[in-house]
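These notes concern the structure reproduced below.
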Amino acid sequence: MNYKNILSKTENGITTITINRPKKLNALNKETIEELHDAFSHAEDDKNTKVIVLTGSGEKAFVAGADISEFAHFNVAEGQQLAAQGQGLLFDLVENLSTPVIAAVNGFALGGGLELAMACHFRIASTNAKMGLPEVSLGVIPGYGGTQRLPQLVGKGRAMEMIMTAGMIGANQALSYGLVNHVKSQEELLSCCYDIAKGIMRNSSVAIGKAIKSVNANFKDGKNGFKVEIKQFGNCFGTADFKEGTTAFLEKRKADFPGK
Ligand code: COA
């Protein structure tokens with residue numbers, strides 16, 4: 001697929017996906033969501049990709065939300081379809097990837113932008129980042145999982161306040177809420193993500209995929225996370241990575257994981 005709205009490059013095990021509509025503050029239109037679906041799916045299947053970093057182009061925005069111009073005239077059925085398709089194609093897809101996904105939040109992350117950052121496995125923000133779910137100021141509510149993932153990450157009361165006021169919080173407040181893990185200058189943001197990615201890549205990618213599945217199970221209705229953990233833990237014992245990891249420890253050498 002040729003991309004018009006995103007860039008994707010893979011170097012040293014890290015695939016960086018950049019949403020590239022800076023004149024529209026990287027707002028998520030339908031085409032961009034489809035391209036992101038394609039890029040994330042390819043990265044997940046690519047043996048050379050061990051970690052994915054998602055960011056926005058330009059100095060102003062990660063993503064300033066869903067593209068308002070595309071849905072302003074929608075009716076009830078179209079609104080429901082917009083949310084369902086977006087969640088399926090992109091937001092749920094990202095959350096459930098077995099490849100770790102880090103959001104490098106380099107500016108505004110509003111509405112669908114914050115929802116996309118929250119679907120990633122964790123977030124690092126630049127000092128100028130501003131985050132919020134402003135949907136009620138448009139007469140709508142978050143539709144890409146924001147009402148579910150924001151309370152999971154910051155607690156119900158803070159999420160209720162952010163959603164009801166439609167306000168924005170800065171990077172340091174997001175850090176104190178646990179919404180982002182670190183705050184860096186804009187210049188250092190990507191290198192911080194890459195340093196963390198390198199640390200992740202030293203470990204078993206197979207085990208990491210199973211850990212993501214187990215952690216996510218805690219947040220899914222009808223799933224018993226402890227049971228999922230037991231199953232995934234057991235499955236690790238059948239992997240080449242487990243044999244290599246334990247053998248290397250006993251032989252007092254660094255593990256060289258085959259990723260199988
Ligand atoms: N959808 C569509 N276009 C958007 C957009 C969005 N979510 N966010 C920004 N843009 C566009 C603007 O319309 C403008 O386009 P134009 O130059 O063709 O007029 C361009 O991006 C630049 O935005 P602008 O508003 O001029 O920048 P600003 O610095 O004055 O304000 C924001 C920045 C983020 C505060 C403001 O753009 C904004 O409030 N955006 C909408 C945020 C939102 O409600 N998101 C949730 C959507 S559900």
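For the single chain, residues carry numbers from 1 onward in sequence order. Counting starts at 1 for both ligands and their atoms, in listed order. Only heavy atoms go into these numbers, but all of them, side chains included; no hydrogens, no water, no symmetry mates.
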When you check the gap from the basic side-chain N to the acidic O, do E244 and K260 get nearer than 4.0 Å?
no

Pick whichever of V140, V136, L110, V63 has a heavy atom sitting closest to atom 34 (C) of ligand 1.
L110

Can you find an N/O atom of M168 closer than 3.5 Å to an N/O atom of ligand 1?
no

For ligand 1, which atoms sit closer than 4.0 Å to a heavy atom of D67?
1 (N), 2 (C)

Any non-hydrogen protein atom less than 4.0 Å away from atom 12 (C) of ligand 1:
no

In terms of atom number and element, which parts of ligand 1 are under 4.0 angstrom from non-hydrogen atoms of A64?
7 (N), 8 (N), 41 (C), 42 (C), 43 (C), 45 (N)

If hydrogens are left out, which of G146, G113, P134 has an atom nearest to atom 46 (C) of ligand 1, that is, the closest non-hydrogen atom?
P134

At under 4.0 Å between heavy atoms, is it the side chain or the backbone of A27 that contacts ligand 1, or both, or neither?
side chain

Under the salt bridge (charged side-chain N to carboxylate O under 4.0 Å, His left out) test, which residues partner K198, sequence neighbours left out?
D195

Heavy atoms only, cut-off 4.0 Å: how does K23 contact ligand 1, side chain, backbone, both, or neither?
backbone

Between S185 and E188, is there a side-chain donor-acceptor contact under 3.5 Å, judged purely by atom types and distance?
yes

For residues S69 and D67, is any side-chain donor paired with an opposing acceptor at under 3.5 Å?
yes

Taking atom 29 (O) of ligand 1 as the reference point, the nearest protein heavy atom with its distance:
K60 NZ, 2.6 Å

Under-4.0 Å protein heavy-atom contact, atom 8 (N) of ligand 1:
yes

Heavy-atom contact check, 4.0 Å cutoff: does E70 meet ligand 1?
no

Could you check whether atom 2 (C) of ligand 1 has a protein contact, counting only heavy atoms that fall below 4.0 angstrom?
yes

Pair N203-K50, side-chain donor/acceptor within less than 3.5 Å:
no

How far is atom 23 (O) of ligand 1 from its nearest protein heavy atom, and which residue and atom name does that atom have?
L25 CD1, 3.6 Å

Could you check whether atom 19 (O) of ligand 1 has a protein contact, counting only heavy atoms that fall below 4.0 angstrom?
no

Result for side-chain hydrogen bond (donor to acceptor under 3.5 Å, both in side chains) between N5 and one of K24, E34, E31 points to E31

Looking only at heavy atoms of A66, does any of them come nearer than 4.0 Å to an atom of ligand 1?
yes

Modelled atom types, side-chain donor and acceptor of D38 and Y3, under 3.5 Å:
yes

re atom 10 (N) of ligand 1, the protein heavy-atom contact at minimum distance is K24 O, 3.8 Å

Go through T55 and I19 one step at a time and tell me if the side chain to side chain contact (heavy atoms under 4.5 Å, CB included) criterion holds.
CA-CA 6 Å; T55 194; I19 300 157; over 6 Å; no

SB check E229 K210 (cutoff 4.0 Å)
no

Between CD of E187 and OG1 of T127, what distance do you get to the nearest 0.5 Å?
7.5 Å

Of the side chain and backbone of L138, name the one, both, or neither that has a heavy atom under 4.0 Å from an atom of ligand 1.
side chain

Do any non-hydrogen protein atoms sit less than 4.0 Å from atom 27 (O) of ligand 1?
yes

Between F91 and Y144, how do the two ring planes meet: parallel, tilted or perpendicular, split at 30° and 60°?
parallel

